[in-house]
Structures are given as structure tokens and as C-alpha cells.
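Below, chain A is the first sequence line, B the second, and so on; all start at residue 1. Note: hydrogens, waters and symmetry copies are ignored here, and every other heavy atom, side chains too, is used.
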There are 2 protein chains.
Amino acid sequence: MPKGAAQALLAAAESEAGTRGAPPPAGRNLLFLREEELRLAQDLLFFGYRDFTAGADAILADLGMGRAHHRVLHFVGRWPGITVGDLLGILAITKQSLGRVLTPLVEEGYVTQAPGRTDRRQRLLSLTEKGAALERRLFERQRETIMQAYREAGPQAVEGFRRVMRGLMGEEARAALARLEAPAEREGK
Amino acid sequence: MPKGAAQALLAAAESEAGTRGAPPPAGRNLLFLREEELRLAQDLLFFGYRDFTAGADAILADLGMGRAHHRVLHFVGRWPGITVGDLLGILAITKQSLGRVLTPLVEEGYVTQAPGRTDRRQRLLSLTEKGAALERRLFERQRETIMQAYREAGPQAVEGFRRVMRGLMGEEARAALARLEAPAEREGK
DNA sequence: GAAAATGCGTCAACAATGCTGACCAAATTC
DNA sequence: GAATTTGGTCAGCATTGTTGACGCATTTTC
């Protein structure tokens with residue numbers, strides 16, 4: 001597909017998507033282009049996500065862990081002192097599924113649990129040094145992948161990537177992300 | 001970390017990401033900002049991909065299928081007449097894993113197999129009407145998600161999204177994607 | 001202060017989707 | 001005609017998700 005066509009395609013998609021109102025041409029062909037564009041997004045997400053996770057997966061496999069362990073390490077590292085309930089909310093899995101990876105992580109000394117100060121039923125989760133070290137190792141691996149993609153694409157593309165990815169997320173994920181990005185209000189509220 | 005700091009962090013990351021050029025401060029701090037930026041990418045990919053697939057997953061669950069079935073429907077639909085070997089290459093899974101979803105899809109009339117014309121060992125895969133109908137239903141569901149994200153983000157962001165996602169992919173995935181996007185040379189080569 | 005709700009853990013069973021290893025049949029290639 | 005390639009299948013295993021049902025400690029509510 002020549003570059004000009006891609007540009008036209010974008011413009012057409014945009015105009016039909018609805019801001020300005022230049023009446024779209026042909027119609028049938030335009031519909032095809034739009035569909036092709038969206039199918040490309042499916043492809044990109046499949047290949048991109050798979051390869052993004054591949055590096056960390058390899059490290060984890062050596063330790064007898066899986067992607068689920070990484071997620072716990074990632075989000076506990078991102079939000080130290082998080083409660084089990086909040087972690088369940090972020091991951092959107094069941095307590096049993098989380099338990100299967102969290103319990104071993106605690107037993108093997110990657111994660112610590114501390115009783116909540118205001119509510120002693122809670123187990124506030126944090127990474128141990130060992131856990132932080134592993135998380136960092138996994139991060140460094142993914143960092144390479146992301147940095148390369150960011151460098152190749154350029155800063156403007158990065159901003160666009162962020163905007164689109166945010167748009168793909170549902171309400172709950174956006175809320176969770178907002179909380180992750182504003183780590184101020186943990187203890188208080 | 002006080003709220004102001006988080007704001008400053010985001011702003012700084014933004015300015016470093018690129019357009020305006022106030023020279024970035026400290027350096028140690030700058031390294032930290034870069035890391036935050038990359039961790040955000042991890043978050044975005046996790047939440048975004050999960051929610052992107054959620055809609056189709058729900059439809060599939062009703063039919064007793066999973067994401068793996070969808071992938072087969074998607075890529076067979078995208079490349080009618082694909083051989084089993086090529087499909088294995090695109091999905092990057094084992095023959096056994098593919099067989100577990102492909103065989104039922106054939107048996108239940110979603111996918112047809114035709115012996116290759118030049119090489120009769122091959123089974124050229126295509127969607128039946130039933131298969132195309134299901135694939136379309138799944139596509140329509142994801143289309144909504146993507147279209148909304150694209151609309152919210154704007155055409156420039158879409159281009160950036162594509163560039164970054166491409167950058168995340170490894171060599172093999174890029175090659176596979178290139179073949180998918182240039183569906184001309186199927187039979188011949 | 002008793003009752004209800006909440007936070008967390010656990011046992012048991014099941015499903016989807018990866019994997020390895022082994023082996024077979026048909027067709028093609030050398 | 002032997003070796004290779006393409007595809008299928010059986011058997012077993014691991015990860016990670018699911019329901020459903022309890023149990024315990026603690027907090028909240030009446």
C-alpha cells in the first residue's frame with residue numbers, strides 16, 4: 001500500500017468518523033479501507049503484545065514462573081503497600097487465581113505482607129529486595145524492547161501510541177491506571 | 001510522594017518526549033523519569049490489550065471457544081487459502097496446539113480444507129460462510145473498541161500507535177505482517 | 001454486645017491453551 | 001527407491017483462568 005493511500009485512508013476515516021463533513025466518495029471502497037485499517041490494528045496488537053511479553057516470559061520460565069507472577073511483581077512494585085483487594089481489582093482475576101501465584105511469591109521471599117495499620121484484616125503487599133531485583137531484571141528486558149520501539153517511532157508517535165492505548169481501555173482500567181499514575185493518595189483515603 | 005511531584009513528573013516526561021525543548025534538568029532525575037515513562041508503557045499494554053480482547057472473548061465463551069479459535073478465524077479470514085504450515089508460522093505455536101482448535105473448527109463447519117493444487121499434501125484453509133459470519137461478528141465487536149480509541153485519539157495518534165506497535169514486534173512478526181499486508185503473492189511463490 | 005459484613009486464605013474441580021515427545025501416512029524431492 | 005516434507009494424532013504435563021464452598025479474623029452495624 002503506497003504512502004499516499006494510507007494518508008487518504010486516514011483522512012477518510014477521520015471525516016467519516018465524524019468531525020468535518022465532506023461527503024465521502026465511493027463508499028464501498030471506502031468501507032473496505034476502513035475495515036482494512038481496523039484489521040491491521042488487530043494484527044498489530046496481536047504481534048506487538050506477544051513480542052513485547054516474550055522477553056520477560058523467557059526469564060520467568062527459567063525460574064518456574066509465568067506471566068501472572070510478573071504481573072504481581074509489576075503492580076506490587078508500582079504500588080507498594082497495595083492491598084490484596086486492590087490488586088485483585090487491578091488484575092481483574094479471582095482471589096483463587098491470584099492466590100496461586102501470590103502465595104508462592106510470598107513463600108519464596110519475593111513479596112512481603114504486612115497487616116494494615118487502620119484495618120488489620122488487610123495484608124499490605126510490598127516487594128522484598130529479592131522481589132525488587134527480579135522485577136527490575138524483567139523490567140530491564142522489556143525496557144529494551146520498548147525503548148527501541150520508542151526510538152524508532154519518535155516522540156510524537158509515542159504520544160499517539162499512549163492516546164490510542166488509553167482509548168482501548170475500559171472505564172475500570174482507566175480508573176486503575178489513574179490511581180497508579182497518582183501514587184499520592186494511598187494511605188489516607 | 002506528594003501530588004505536585006507526580007504532576008511535575010508527567011510534565012517533565014512529556015517535555016522530554018519531545019516537542020518543546022526546555023533542556024531537561026538533573027540527569028539522575030531524568031533517568032527516573034524515563035523509567036516512569038517506560039513503566040507506563042507496560043501498564044498501557046497490559047490494560048489496553050486485555051480490554052481490547054475482552055469483547056470478543058465474551059462472544060467466544062458463549063460458543064465454547066477461546067481466543068485461540070479467534071486467532072485462527074482471524075488469520076484464515078485475512079489470508080484465505082493459507083497452508084497449515086504458514087498459519088503455524090504466524091501464530092508461532094506448535095502443531096498440536098493449533099490442532100486442538102483447528103480440528104474442531106473444521107468439524108463444526110467454520111473452516112474448510114482443500115488439498116493444495118501444486119502440492120497435494122497441503123491443506124489450504126479458508127472460512128466457510130458460517131466461519132466468515134462468526135469472524136465478522138467478532139470483528140464488529142472489536143471494531144467498536146478500536147474505532148472509539150482511534151476517534152478519541154485522532155488520526156495523527158493512530159499513525160504513532162502503528163509505528164510504536166510495529167517497533168515492538170520482532171523480525172519474524174514484521175515479516176509475517178508484511179506478508180499479510182501484501183496479499184498479492186499467495187499462490188505463485 | 002450480638003449479628004452482619006468484609007478481607008483474606010484455601011480446598012476441589014474444571015477449562016483453555018501453551019508445551020514436549022513419539023509415531024504415522026501421504027506426497028514430494030533427490 | 002530413499003529421504004524429506006507436510007500434516008495429523010495420541011499421551012502427558014504446566015500455567016492460568018474459572019465456580020463453588022468453607023473458615024477465620026476483624027471491622028462495622030444495629
Side-chain angles (χ1 to χ4, degrees), chain A residues 46 49-51 53-54 56-76 81-107 111-126, chain B residues 46 49-51 53-54 56-76 81-108 111-125:
Chain A
F46 169 65
Y49 189 75
R50 188 186 62 184
D51 290 356
T53 56
D57 285 350
I59 295 174
L60 290 159
D62 281 347
L63 299 169
M65 299 191 202
R67 211 175 283 180
H69 299 81
H70 188 187
R71 285 185 198 131
V72 170
L73 293 172
H74 172 77
F75 285 113
V76 171
I82 189 175
T83 66
V84 171
D86 283 345
L87 185 54
L88 283 175
I90 285 178
L91 297 174
I93 59 176
T94 60
K95 196 173 35 165
Q96 295 89 325
S97 293
L98 175 59
R100 193 159 29 202
V101 293
L102 181 54
T103 302
L105 283 173
V106 170
E107 284 172 357
V111 173
T112 52
Q113 297 173 313
R117 282 182 288 294
T118 73
D119 185 337
R120 294 198 324 262
R121 291 172 303 182
Q122 297 177 334
R123 308 292 156 85
L124 307 184
L125 306 172
S126 306
Chain B
F46 169 66
Y49 189 75
R50 187 185 62 184
D51 290 357
T53 56
D57 286 348
I59 295 174
L60 290 158
D62 282 346
L63 298 169
M65 299 191 202
R67 210 174 284 180
H69 300 82
H70 187 187
R71 285 185 198 131
V72 170
L73 293 173
H74 172 78
F75 286 113
V76 171
I82 189 175
T83 67
V84 171
D86 282 344
L87 185 54
L88 283 175
I90 286 178
L91 296 174
I93 59 176
T94 61
K95 197 171 38 164
Q96 295 90 325
S97 293
L98 175 60
R100 191 159 31 200
V101 294
L102 180 56
T103 302
L105 282 173
V106 170
E107 285 172 355
E108 290 165 33
V111 173
T112 52
Q113 296 173 314
R117 282 182 288 292
T118 74
D119 185 338
R120 296 202 319 266
R121 291 172 304 183
Q122 297 177 335
R123 310 291 157 84
L124 307 185
L125 306 172

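Put simply, CZ on Arg67(B) is 11 Å from P on dT18(D), counting in whole angstrom units. To the nearest angstrom, P of dT5(D) lies 16 Å from CG of Leu88(B). In this entry the distance linking CG of Leu105(A) with P of dT16(D) reads 10 Å, nearest Å. Note: CD (Gln122(A)) to C1' (dA25(D)) measures 13 Å, nearest angstrom. We find that CZ of Arg120(B) is positioned 11 Å from P of dT29(C), with the value rounded to whole Å. Rounded to an integer number of Å, the gap from Leu60(A) CG to dT15(D) C1' is 12 Å. Atom-to-atom, CG of Asp62(A) to C1' of dT15(D) comes out at 16 Å; the value is rounded to the nearest Å. Between the CG atom of Leu87(B) and the P atom of dG7(D) there is a distance of 10 Å, rounded to whole Å.
Residue Gly116(B) is classed as having no contact, given no heavy-atom separation below 4.0 Å to the nucleic acid. The residue Gly99(B) sits apart from the nucleic acid: no heavy atom pair falls under 4.0 Å.
With the nearest nucleotide of DNA chain C identified for both Lys95(B) and Val101(B), Val101(B) has the one nearer the 5' end. Residues Arg100(B) and Val84(B) each lie close to DNA chain D; by heavy-atom proximity, the contact nearer the 5' end of the strand is made by Val84(B). Each of Glu107(A) and Arg121(A) was matched to the nucleotide of DNA chain C holding its nearest heavy atom; the match closer to the 5' end belongs to Arg121(A).
Ala68(A) approaches Val101(A) most closely through the heavy-atom pair CB-CG1, 3.7 Å. Of all non-hydrogen atoms in Ile82(A) and Ile90(A), the two that sit nearest each other are CD1-CD1, 3.9 Å.
If you check distances only, the side chain of Gln96(A) does reach the base of dG20(D) with a donor-acceptor pair under 3.5 Å.
In the model, Thr83(A) has no side-chain atom that pairs as donor or acceptor with a side-chain atom of Arg123(A) under 3.5 Å.
Look at Thr103(B) and you won't find any side-chain N or O under 4.0 angstrom from OP1 or OP2 of dG8(D). Contact between the side-chain N/O atoms of Ser97(B) and the OP1/OP2 oxygens of dC19(C) is found at a separation under 4.0 Å. Residue Thr94(B) places at least one side-chain N or O closer than 4.0 Å to OP1 or OP2 of dC19(C).
Listed nucleotides dT26(D), dT20(C), dT17(C) differ in distance to His69(B); the shortest reach to its side chain belongs to dT17(C). Proximity note for Gln113(A) (side chain, C-beta onward) versus dG7(C), dG9(C), dG17(D): the nearest is dG9(C). For Asp119(B), the listed nucleotide lying nearest its side chain is dA27(C); candidates were dT18(D), dA27(C), dG7(D).
Not less than 6.0 angstrom separates the ring centroid of Tyr49(B) from the ring centroid of Phe46(A).
Between Arg67(B) and Thr53(B), some side-chain heavy-atom pair lies under the 4.5 Å cut-off.
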